Structures are given as C-alpha cells and as structure tokens.
Amino acid sequence: MDKNRILIAETIENQISPSYKELLGFGASFHPDRESRILLIIPGQNVKELAEQIAMENNIHTLAIEHEDLRYPNPCFLEKILPEVIRENMPSYICLMHNVRTCQLAASLSIQIGTPCITGIESYEIQQEKTVFTRMMFNGKLIGRTACKTGPVILTVIPGSFSGSFTTDHSIQNGKTMIMKVHETVFGYKPVRIIETISKDNKLEEADVIVSAGMGIEKEERMELIRKIASIFSNAAIGGSRIVCDHGWLPYSCQIGETGKQVSPKLYIACGISGTMQHTAGMKKSGCIVAINKDPNAPIFSIADYGVVEYLQSFLPILAARYDDRKKNP
Ligand SMILES: Cc1cc2nc3c(=O)[nH]c(=O)nc-3n(C[C@H](O)[C@H](O)[C@H](O)COP(=O)(O)OP(=O)(O)OC[C@H]3O[C@@H](n4cnc5c(N)ncnc54)[C@H](O)[C@@H]3O)c2cc1C
C-alpha cells in the first residue's frame, strides 16, 4: 500500500473549498504511478452527494465524514476521528492545504499517530529517490529543506504553490465514495457561525489592481497615501497585511494572505510589506507585483516584478503628483 495519499479537504456549509483542486494536483504530482491511490476526505454536515460527484469526476476514492458539528471547519472534532481513518488506510502522505485550522489539525494528528509533520510546503524535489520538501523559515529569510526517513508524513501546502491541474491519469478507474457517520459521543468544540465583515465597496477578489499596505506605512494617517494611489486606477481595491489589520488601520476583510483573502489581480502594489510567506501565500499569483520598501533585502523583492527601494513617505507622494500632472497635461 506504499505511496497512497490521503488528502483532507475543507467545507463550509457543505460547499467544498476551491483549494481542493490544488490539493488534488499536489497529491498526484509526486510519486505518481498506477499503483498509488488517492483518498480525498470530505468532512461536512451533509456532503455525501458532493463526495460522490468529486469521486466520479476525478476517478478517485472519496470519504464523506458527516456530522452536524462539521457544518464549519472543525479541527478539534476531526482530530478525534481521523487517526483511526489514517491507520486503516496506511497512507505514505497525508496532505492538507495550509491555514491556521489545518496546522492545528496536522500537529495534533502528528502527535497522535507518532509521525513526522512538515508545515508550509512551497515546493519539493526528488533527490536520490527521496522527496525533499521546501518551506520558508524565519519570515522568508531562510529556506528549509526537509526529507523524512519514516512515514506516513503529514504535509500542509501553502495555497498557490502548486497548480491545480489534476489529471485522471494518476487515479484509478471507478472511484467510489464511502460514508462515515460519526458516533454521537464524539465531540469537539462546535463552531456556530462565521463572522464576515465584508466591505461592499472594496471587492478585493474582483479588483484589477490592489494597493496593499504593510507596517511600512508606520502610522494610520499614511493610509491616506494608499487611498490616493488606489484612486488612480479605475478598478482598484485596498488590501493589507495582517499586522495592519491587527492595528485596526484596515478591517480584517482587507487582510491578504494565508489567513486572509487569496487574490490574483493584474497589478499588486505592495507598500511597506516585508513579504513573509503568510502574506505572499495570498498574493503571489498576481499578474504583476510591484514592491516599495526601504529595505533592499526585504523578502518581498524576491517575488516582485518591479522593486522600488525607497521610503513610502518619499515615493508615494511623488508618484501621486506625477499622475496629477499627467492628468492635467496629458
Ligand atoms: C499563523 C499565522 C498566520 C498569518 N497570516 C497572515 C496573513 O494572512 N496575512 C499577513 O499579511 N500576515 C499573516 N501573518 C503575519 C505574518 O507572519 C507577518 O507578521 C506579516 O505579514 C508582516 O506584515 P508586514 O509585512 O506589514 O510587517 P513587517 O514584517 O513588520 O514589515 C514591514 C516592512 O516595511 C518596511 N518599511 C518600514 N518602514 C518603511 C517605510 N517608511 N517605507 C518603506 N518601507 C518601510 C520594512 O523594511 C519591512 O520590510 C500570519 C502569521 C501567523 C503566525
């Protein structure tokens, strides 16, 4: 049964997170051969039909785990039932998309099963028949490469790192769906609702241009500069790093990154953002990335198409003034 993979998807109100396609693409991409099997676990309140449809479309096995407390992602609940499923299926790899919830689940499974766990994977390579996984460390300043001698290995994958192209070449024919009704005595915490703070006039996912503020703005008053730059473009929105949202300078609905929004505008202007993997996980698929930062060694420059090494308070007013001049004298 070597090389089998268990993939664990997330659902919210019985809708599967679109990132499951990337998870499938990742799961099928390493050690693909006709002998290996993929089992996609879909936890949710009422997900049998969804699991059947995905099994049929992709020719993979799916396991629907149903319980009313799985209406929303619930790692505390899953950590009680998944160890048994994993032991029964004996996979080589257990893969999840990386976020705060799956990190909690991965860590708990790792301890319970007594198996290695590598979080935040961005790429991998095969070296002398060993799979070596790469992850960023210390806010992107170091790159760590890890291979495991024993398995199964639990992996969390940074969103946007792998293409979602899954082909049925790597799967079995006639994928089937299994249903697991969870025993009533299993309990975890029970999420009751998701709090959404969506600003209607700042549609990050639909914007062609996102001007994004990081801690380099240094004080809230400088958000005005960010707004001014955004107003230059016809379909622009304002985003920010998590710390800027933590300071209350932007609402959390504007947070971009691993625990915020995943965006891919035509143009992303990162203003005073260092470029940690938690932030870049949410924007690195953007068409063109422009970074403005006073530190020439800021990690954001490693993924930027254009880099400006300058203080925001010096550069942004000049940029805005040049635009105003052009408008007056086209
Ligand atoms: C589990 C977890 C999940 C997370 N999820 C997210 C997430 O979804 N999104 C997210 O963004 N973060 C997330 N984070 C936080 C993340 O690790 C970083 O702390 C955060 O992204 C850093 O934000 P920043 O780049 O604005 O600030 P900093 O890292 O402080 O960087 C500020 C940058 O501004 C530059 N700068 C300073 N002053 C100026 C100036 N005057 N002009 C120009 N440049 C200047 C500095 O050189 C520096 O590079 C998460 C962290 C954890 C642990």
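A quick note: this is a predicted structure, and the numbers were derived from the prediction, not measured. Start at 1 and go down the list; that is how both ligands and their atoms are numbered. This chain uses plain numbering: 1 for the first residue, then up along the sequence.
The shortest separation from a heavy atom of V244 to ligand 1 is not under 4.0 Å, leaving the residue out of contact. Residue contacts with ligand 1 include E310, since one of its heavy atoms falls under 4.0 Å from the ligand.
In summary, R227 and E224 engage in a salt bridge, as defined by a charged side-chain N under 4.0 Å from a carboxylate O. Ion pairing between a basic and an acidic side chain is recognised when a charged N comes within 4.0 Å of a carboxylate O; R71 and E13 show such pairing.
Listed by number with element, the atoms of ligand 1 under 4.0 angstrom from any heavy atom of G260 are 8 (O). The contact set between ligand 1 and D295, taken as ligand atoms under 4.0 Å from a residue heavy atom, comprises 47 (O). Ligand 1 places these atoms under 4.0 Å from at least one heavy atom of G214: 26 (O). Here is the list of ligand 1 atoms found below 4.0 Å of a heavy atom in G272: 32 (C), 33 (C), 34 (O), 44 (N).
Among Q313, R242, M277, the residue whose heavy atom sits closest to atom 15 (C) of ligand 1 is R242. Nearest residue to atom 8 (O) of ligand 1 from M215, Q262, Q255, R222 is Q255 (criterion: closest heavy atom). Nearest residue to atom 5 (N) of ligand 1 from N293, I256, T259, D246 is T259 (criterion: closest heavy atom).
Remark: K181 engages E66 in a salt bridge (Lys or Arg N to Asp or Glu O under 4.0 Å) (not counting sequence neighbours).
Using a 4.5 Å cut-off between side-chain heavy atoms of Ile, Leu, Val, Met, Phe, Trp and Tyr, with links allowed through other members, I217 and Y311 fall into different hydrophobic clusters.
Summarising the geometry, atom NZ belonging to K190 is positioned 10.0 Å from atom CG belonging to L70; distances are rounded to the nearest 0.5 Å.
Between the side chains of T119 and T156, no donor-acceptor pair of N or O atoms lies under 3.5 Å.
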Exercise. Please report the C-alpha distance between V309 and F301 in whole Å, then the side-chain angles of each, then the deciding distance to 0.1 Å, and finally whether the side chain to side chain contact (heavy atoms under 4.5 Å, CB included) criterion is met.
Key: CA-CA 9 Å; V309 180; F301 287 128; 4.0 Å; yes
